[in-house]
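Take a look at the structure below.
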Amino acid sequence: MFAGLGRLVHRRRLSCLALCLAFAVLSGMWGSGAVARLKSGGFDDPHSSSSLVAKLSAQYFSNSTPDVFVIYRSDRLTIDDPRFRGAVTTTLARLPQNRIRGVLTYWSQTPRVAELASKDRHATFAAVQLAGDDSAKAASYDAIEDLFGAPGLSVRVGGGVPLAKEFNTQTQGDLARAETISFPVLLVLMLLVFGSLGAFWLPLVVGAFSIVGAFTVLRLLTMVTDVSSFSAEVITMMGLGLAIDYSLFIVNRFREELARGADRPTALANTMATAGRTIAFSGITVTTALSGLLLFPQMFLRSVGLGGMAVVAVAIVGALVLLPALLALLGPRVEFGRMPWRRRSRGVRRDSGPWYRLATSVMRHPILFFVGVMAILGVLTTPFLHVRFGSTDVRVLPTSSPNRRLYEAFQREFPTGSKDPIDVVLSGDLIPKNFVPSKKRPVPSFITDYEDRLRHLPGVTSVEITGYADKYAAVRISVRHRYAAMSDQARDLVRRIRAVPPQGEALYADVGGSTAAQMDMMDSLRRGLPMVGAVIGLVTFLLLFMAFGSIVLPLKAVAMNLLSLGASFGAIVWGFQDGHLAGLLRFTPTGTTEPTTIILVLLTVFGLSMDYEVFLLSRVREEWDRTGDNARSVAIGLQRTGGIISSAAVLFLVVIAVFSTAEITLVKLIGVGMFVAIVVDASLVRMLLVPATMRFLGPANWWLPRPLRALHSRIDLGEHEAEEGPPPAAESAAKEPPAAEDASGEPPVVERVAAEEDAPAPDGTQPLEPALVAAAPAPRARRQSQRLAELRAERRALRPVPQPPAFPEPSAADEPESTGESTLAEELESMGEPTLTDESENAGAPTFADEVLRRVAAVNGRPLASRETREEAEGGPSAPRPQREIVPNPDGPGWHWKTPED
C-alpha cells in the first residue's frame, strides 16, 4: 500500500505539489481567522455543581463575580467625600446603557457594605455586569474600555472579560515572539543536521503546511464547539516538531535507498514502504494519546486534544504526500550543497558507527546500565511525591499585567481576602417565583434559617441574598469570607457549606464560585484520569502489538514512556511549585501545580515519546526479521535511528525551549515539562535503558503466544521493504527475465534479497555481490526461528535477478599488460544473460552463480576447480538436482519451493 503510494506520488508529483500549494494558500488566508474565534478559560467541569450555579447566575441572576472590576482611589479624598462620590457615579452613569446590565457601587447598597470600601477609606470598587453572552460581552467591553476614567482619581480596571482579552493578547504575543526567536536558530541547526542545502529546507515546508492546515481545521471546529486559545500554541509547537521528526526519518531513508543504487522511483517506493509506514503508524499512536484529552469534560483539555490531533493529521499528510513529491523532484539533488561535515555516502554499513558501539557497550553490562538509569530517573521523579495541586489565578500573568495589579491592590487594600464570594443557589418548589421581599412578603423562614447557619461558619464575613429568579424557583445567597480564593481555608469553607443541608426535602443547595469550581475540576480530573489512562494504554498496546508482533515490547514501551513522564513531573514540581526556577524564568510561584497542565504534558509527551519508540523498534524489528539475532538487531536498530532521534530531539527542544520565555506561567510550565521529558527520553531512556532492557530480556522481547501468531500475520503493520505480491503464474515469472518497462512506461522496481550490500553474515563472512546473492538460494533465511521471517525470506527468493553491471570497453591506452588471464570485465561479458532456470534437463549444466564464482576467483588468481574436476575428486558425477516448483504456503500467506522432501 505505502510502496504504491510512493510510486503514485512519483508519477503525479507535480499534481500533488499543486494540490498541497493550493491547500496551504487557502488555509493561510482562511484558517488564520481561527485565532480571533478562540476562547479563554474552559478549566471548569460543565457537569459539576459549581457550573450549574454559574449557568443559573448567568441566566437568572446578575453575576456575583463582576465582568468588569474597577478600583477607584484618591490620595486626598475619602469615599465619604461628595467629590469622590460624584466623580465615580458620574463616570459610571455615562456608560452606554445598551452595553451594561448592572452596576454595583459602595453608594448603591442599602445598607452600605463595608467590604466595598478600602481599609483606609481612600478607595472603593465598582462591579459592572455587561450585557449579552460571552462574545457580546467581549464586544461591549471593547466599546467601553476607555470610558472608566474618573477625573481626579486613579483607576485600575480588571475582571473576567478584561482578563480573557489580556490572556488571548498575551498568548498571541508569546506565539509571535517564540517564532521570531526559534526560526533563525532552527535554520542553523537544520543545516547542521540535514547536511545539505537541498534537504535542510524540507522540514520548514512541511512544518508550515502542517501549521496552516491545522489552523484551518481549528477554524472549522470553532463553528461547532468552543476552542481554547491555548490550542494555537500547541499547534505551533507540535506542528514544527513533528515536521522535523518526520522529515528526518523520510529524508534519511531516501538517502539510504539512493546510496544502495536504487533509481528515483524505487528509492521513493522503498522509502514509503518502510519509513512512510512507520510515520503513519507513529502518527496514529500520537493521535491516540491526544484523543484521551477528549474524554475530559473541560473545554481547555478538549481544545488542546482537538488542536493536537488536527496538527498531527495534517503533518502526516505533509510527510506522506508533500515531502515525497518534493523528493521525487529532487532525487539525488537532495545532496546538493553538501556541507563539509557530511560525508558522501559510500554504501551503508550496519555494524559500525558510534551508536552501534554505544549499544554494544550497554548490552555488555545491561544490569549495570539498567540500575544506574533507573536510579537517576528515581531521583528526578522524587519531587513529584509532594505535589500539591491547585487552580491558577492572575499570578500566572506578568507583573506588568493590569489585571494582576488590580488583584494585588485588592488583596492589599480591602478588608476581605477575596473579591469572589461563594455562591449558594437554593432551588425547589418551596422557593417562590418572581419574589420581591417586602414587609407584606417577608423572606421565607427556611431561607433565613439557612442564612443564619451559614453566617456562623468560621471565616464568613457576610451572607446576603443577591437574587431571586424570575421564572425559576431559585434564590442565590452570596457568602463572603476573609480567605484567598484558592487557599486551603477557602476550600475547607466550601466543604462546610456543602455539609449544611437546607431545611425541607424539596430543597436543593448547589455551591459555586471560583473556589468551588476549582475543587469540582480536581474531582473531575481524579475521576476521569484512570479511565483515560486505561483507554490510551489499551489502544497503544494493541497498535504496538500489530506493528511489532510481540506482547512484551508494548508493555515495555508504555513503561519506558511513563519513566520519562515521571522525571518531567518532578522537574515541574521542583521548578514551579517549589519556585527554584522563578528567578531564572521570571515568574511568581504559587505553591501549587495546575493539574490540567500536568495532564496536558502527560498525554502530549506520551505521544511524542511513543513516536521515538516506534522509530527505534521499527528498525530493530526489521533487523530481527532479517537475522534472528536479538542483540545484533538492537545494536543495528540503534545505529540506524540513534542519530535521527537525537537530531529530531535537539531540533524539537529548540522549539519547546523558546516557550519557556513566554509571559504566561502556564506556557512556561508546559515548555519546561516537555523539555525535560524529551531530554530524558531521547538520552537516558531511548539510548541506554531500552538497549539494556532488551538485552537481558533476550528473545523474550519477541515472545508471542501461538494463538496470536496467525492473528498478527493478518494484521501485521510492521516496517518492511517494498514488495510486489507473488505473480499469478509464479513458475513462468521465475523463468522469464524481467521486462525493461512495465505497461505504464515506468522502470521496474529492482528488489534485492540482501538489504545491505556490505553487511557481513552472522558467521562473519563477507556477503556476495547483489547479483550472486539474488541468483543463489537463501539458506540464511531458512535458519530463522520466526515463521514470519521464513515467509519473507522465501518470498524474496522469487524476485527477479538484476542484470550484471555493464563495463565500458577499455581504450588501448588503458589496456593492461597481458598476463595470460582474462580480466573480470571480459569474463562477465562472455557469460551472457543470467537465468534462474531450474528444469531437470539443465540439471547437469553449471549455474550462473557457479560460473560467476569460478571466473571471479580465476581473475583474482585463485581459480576454482571445474565441475568435472570436482566430480572426479568426489568419485563420480554428482546426482542431478531435483526439480522444484513454487507453491503457496498451506498455513499462511506467502510462497515456498516444493521439494521431494516436502
Side-chain angles (χ1 to χ4, degrees), residues 182 185-186 189-190 192-194 203 237-238 240-249 251-252 275 278-279 282-283 285-286 289 353-359 361-362 369-370 372-374 376-377 379-381 544 553 556-572 601-620 634-635 637-660 670-694:
S182 64
V185 180
L186 281 176
L189 289 179
M190 282 192 290
L192 290 172
V193 169
F194 284 88
M237 185 188 309
M238 294 191 62
L240 195 52
L242 291 175
I244 292 171
D245 286 358
Y246 295 164
S247 298
L248 266 173
F249 208 57
V251 172
N252 184 74
T278 299
I279 285 173
S282 174
T285 307
V286 176
W355 300 106
Y356 185 92
R357 291 191 293 272
L358 174 64
S361 176
V362 170
F369 278 93
F370 179 83
V373 173
M374 290 296 292
I376 295 174
L377 295 178
V379 172
L380 294 176
T381 309
L544 294 179
L553 288 181
K556 181 195 71 64
V558 173
M560 296 298 172
N561 291 346
L562 292 179
L563 291 174
S564 302
L565 287 168
S568 173
F569 294 163
I572 289 174
V601 171
L602 186 154
L603 296 179
T604 304
V605 172
F606 184 86
L608 294 175
S609 299
M610 196 62 69
D611 201 26
Y612 296 150
E613 182 79 3
V614 170
F615 287 171
L616 173 60
L617 293 184
S618 295
R619 298 306 289 263
V620 173
V634 173
L638 187 60
Q639 168 61 28
R640 305 309 299 274
T641 59
I644 300 175
I645 292 175
S646 299
S647 299
V650 169
L651 293 172
F652 194 31
L653 288 175
V654 172
V655 180
I656 295 174
V658 174
F659 282 87
S660 64
I670 293 172
V672 171
M674 295 181 66
F675 185 94
V676 173
I678 296 299
V679 169
V680 171
D681 186 83
S683 57
L684 294 177
V685 174
R686 211 61 55 201
M687 302 305 165
L688 299 179
L689 192 57
V690 169
T693 305
M694 295 189 72

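Everything quoted here is computed from the prediction, not taken from an experiment.
- Applying the side chain to side chain contact (heavy atoms under 4.5 Å, CB included) rule to V679 yields the partners L653, F675, S683; only residues at least two apart in sequence or on another chain are considered.
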Stepwise side-chain contact (heavy atoms from CB on, under 4.5 Å) test for V286 and F606: CA-CA 8 Å; V286 176; F606 184 86; over 6 Å; no
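- By the side chain to side chain contact (heavy atoms under 4.5 Å, CB included) test, L189 pairs with V185, L192, V650, L651, V654, sequence neighbours left out.
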Criterion side-chain contact (heavy atoms from CB on, under 4.5 Å) on T381 and L565, from CA distance to verdict: CA-CA 9 Å; T381 309; L565 287 168; over 6 Å; no
side-chain contact (heavy atoms from CB on, under 4.5 Å) between I244 and L186, intermediate numbers included: CA-CA 10 Å; I244 292 171; L186 281 176; 4.1 Å; yes
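- Here the closest heavy-atom approach between residue F369 and residue A692 is recorded as CB-CB, 4.2 Å.
- Taking the side chain as every heavy atom from C-beta outward, V690 and K556 approach each other to under 4.5 Å.
- In this structure, CE in M190 is found 9.0 Å from OG in S247, a value given to the nearest 0.5 Å.
- Contact detail for L638 and A359: the closest heavy-atom pair is CD2-CB, 3.5 Å.
- Here the CG-CG distance, from L553 to L617, works out to 5.5 Å after rounding to the nearest 0.5 Å.
- Within the 3.5 Å criterion, the main-chain N or O of G673 finds a donor-acceptor partner in the side chain of S568.
- To the nearest 0.5 Å, atom CZ of residue F615 and atom OH of residue Y246 are 6.0 Å apart.
- Using a 4.5 Å heavy-atom threshold, the side chains of I376 and L684 count as touching.
- To the nearest 0.5 angstrom, M674 atom CE is 4.5 Å from I656 atom CD1.
- With a 4.5 Å cut-off on side-chain heavy atoms, I572 and V672 do not count as touching.
- Residues L380 and V676 have side chains not in contact (no heavy-atom distance under 4.5 Å, counting atoms from C-beta outward).
- Taking every heavy atom of both residues into account, N252 and R640 meet most closely at ND2-O, 4.3 Å.
- At least one side-chain heavy atom of S646 sits less than 4.5 Å from a side-chain heavy atom of W355.
- For the ring pair (Phe, Tyr, Trp, His ring centres under 6.0 Å) test, residues two or more places apart in sequence or in another chain that qualify with F569 are F384.
- Side chains of F194 and L248 form a contact here, defined as non-hydrogen atoms less than 4.5 Å apart.
- Legend: residues meeting ring pair (Phe, Tyr, Trp, His ring centres under 6.0 Å) with F370, ordered by chain and number and at least two apart, are F696.
- Looking only at side-chain heavy atoms (C-beta outward), M687 and I645 come within less than 4.5 Å of each other.
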Output, in order, the C-alpha distance, side-chain angles, deciding distance and verdict of side-chain contact (heavy atoms from CB on, under 4.5 Å) for Q639 and L358. CA-CA 9 Å; Q639 168 61 28; L358 174 64; over 6 Å; no
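- Note on residues 560-570: no pairs pass salt bridge (Lys or Arg N to Asp or Glu O under 4.0 Å), not counting sequence neighbours.
- The only member of L616, V634, V362 that meets side-chain contact (heavy atoms from CB on, under 4.5 Å) when paired with M694 is V634.
- Looking at heavy atoms from C-beta onward, L377 lies in side-chain contact with L689 at the 4.5 angstrom threshold.
- In this structure, S361 contributes its side chain and R357 its backbone to no donor-acceptor pair below 3.5 Å.
- Remark: S564 pairs with V680, D681, V685 by the side chain to side chain contact (heavy atoms under 4.5 Å, CB included) rule, at least two apart or across chains.
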